[in-house]
Amino acid sequence: MKKAMNYTRVISLCTNVSSSSEELPALWYLQVVYIITIIVLALVGNSIIFVVICVNRRLQRIDNIFVANLAVSDFLFTFFETCSNVTRKLNRNWRPPHYVICYVIMASSVLCASASAFTQTAVAVNRYIAVCRPLHYPNIVRKRRVLVSISVIWVCAVALASPPLTWRPLTVICSEEESYNSHVTSEIVYMGAEWILIFVVPFGIMSTIYYRIYHIAADHAQRVRSFSMSSTNSTTRNHILDIKSECKAAKMLVTIAGAFFISWFPFFVTLTFWKFHDESIKMHPKIFTGFLYLIYTLPAVNPAIYAIWCRDIRLAIKKMFRCCK
């Protein structure tokens, strides 16, 4: 390992390779159309999710407040990260108009990824309390505490995204230089911290919690099924509906967490190789570009996941569009 390459410059290099003159014009235009489509879907879709949750009191439940926060992180990631890189694809010589924007773009990827991972971890903990301690849930989880926890999530995300900005030179942050020889140890430690705090800890917690929720829900369902054989009263029916509702909510959250892992994990693996590559290790830039497009796609897919799994969100969106006609 000889040099540490900064994240933004790695993206820029892969973007330039994928837009080189050797590439078929049709493929280049297809990539541009795809990314622009993803940008529009992500910005519009996450804006709609955030608005319908904010304006509908019925949707302002604890889980949906976290969903709104996920929509904000996806919107910011698309607005800063994806838009800046598609601009580089269209114009190789493009540079942000002010150095402050360079810092924002540099931090946006880790900021939004960590905010999403931390939020999903908080959602998993919320689901666990709701399933395991339903009687105490209203006293433990309150709206004010949730809003405070979201603030803490963003503070922690900013803290995780900020360290490289203190040691990387401005020319590297603004992608004017490809790599630098100083602070390699700091880059290694920081990459390790990213792996631990964005993947290992959050997904370790989520996997444990959802595994326990699955077994608890299955046990409850078995008990209710046995009890319902000898009872058909309204209390039993309501209990069955509550269990089904909890399981459906858990499935949506597992789907979101799974999509996040599938999108970001291959990207982080390839990013690690790119940043600390050895001369003997060869990796085609298009492999990295493919994984990069995968994480660009995630913010456009998440709103569809929310609408598919949550009937209330789906109905609120339909109602909003009917009112706009």
Side-chain angles (χ1 to χ4, degrees), residues 1-17 73 76-77 80-81 84-85 88 95-96 98-121 152-206 260-261 263-292 294-295:
M1 184 185 68
K2 296 181 179 181
K3 294 181 179 180
M5 299 183 70
N6 79 298
Y7 165 80
T8 304
R9 186 57 184 170
V10 169
I11 302 292
S12 179
L13 286 172
C14 293
T15 303
N16 288 342
V17 168
S73 67
L76 293 176
F77 177 82
F80 288 112
E81 180 65 31
S84 66
N85 284 304
R88 287 193 192 96
R95 293 293 182 271
H98 196 276
Y99 74 91
V100 173
I101 300 177
C102 295
Y103 282 94
V104 173
I105 294 173
M106 170 68 72
S108 62
S109 179
V110 175
L111 174 69
C112 297
S114 55
S116 294
F118 298 160
T119 300
Q120 291 176 50
T121 305
V152 172
I153 284 170
W154 282 102
V155 170
C156 292
V158 170
L160 182 58
S162 299
L165 306 181
T166 63
W167 68 69
R168 290 174 184 169
L170 183 60
T171 53
V172 172
I173 291 175
C174 290
S175 301
E176 295 172 6
E177 292 182 4
E178 295 183 8
S179 59
Y180 55 102
N181 296 316
S182 59
H183 301 290
V184 175
T185 302
S186 299
E187 291 287 344
I188 295 173
V189 172
Y190 181 68
M191 197 72 203
E194 286 181 316
W195 272 103
I196 293 171
L197 297 177
I198 296 180
F199 284 102
V200 177
V201 173
F203 281 95
I205 294 173
M206 283 188 277
F260 179 90
F261 184 83
S263 299
W264 281 93
F265 183 76
F267 170 77
F268 259 84
V269 171
T270 52
L271 177 62
T272 303
F273 278 110
W274 266 91
K275 288 182 71 173
F276 309 112
H277 70 282
D278 189 88
E279 296 296 334
S280 61
I281 300 177
K282 302 295 182 182
M283 182 180 296
H284 199 285
K286 288 188 177 180
I287 296 176
F288 187 92
T289 303
F291 291 140
L292 186 64
L294 187 61
I295 63 170

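Everything numeric here is computed off the predicted structure, so don't read it as measured data.
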Inset, instruction - Would you please indicate yes or no on a ring centroid separation below 6.0 angstrom for W264 and F203? - result: no

Spacing of [atom1] belonging to [X] relative to [atom2] belonging to [Y], to within rounding of 0.5 Å:
| X | Y | atom1 | atom2 | answer |
| --- | --- | --- | --- | --- |
| L160 | L111 | CG | CG | 9.0 Å |
| N85 | T289 | CG | OG1 | 10.0 Å |
| F80 | C112 | CZ | SG | 8.0 Å |
| C102 | L165 | SG | CG | 11.0 Å |
| T270 | F265 | OG1 | CZ | 10.5 Å |
| I153 | T121 | CD1 | OG1 | 8.0 Å |

Considering all heavy atoms, the nearest [X]-[Y] contact:
| X | Y | value |
| --- | --- | --- |
| I198 | A117 | O-CB, 3.6 Å |
| E81 | S108 | OE1-OG, 3.4 Å |
| S263 | I295 | O-CG2, 3.0 Å |
| A115 | S73 | CB-CB, 4.3 Å |
| F118 | L197 | CE2-O, 3.2 Å |

Inset, instruction - Using atom types as modelled and distance alone, determine if a side-chain donor or acceptor of Y190 lies under 3.5 Å from a backbone N or O of T185. - result: no

Legend entry - Parallel, tilted or perpendicular: ring planes of F199 versus F260, cut at 30 and 60 degrees: tilted

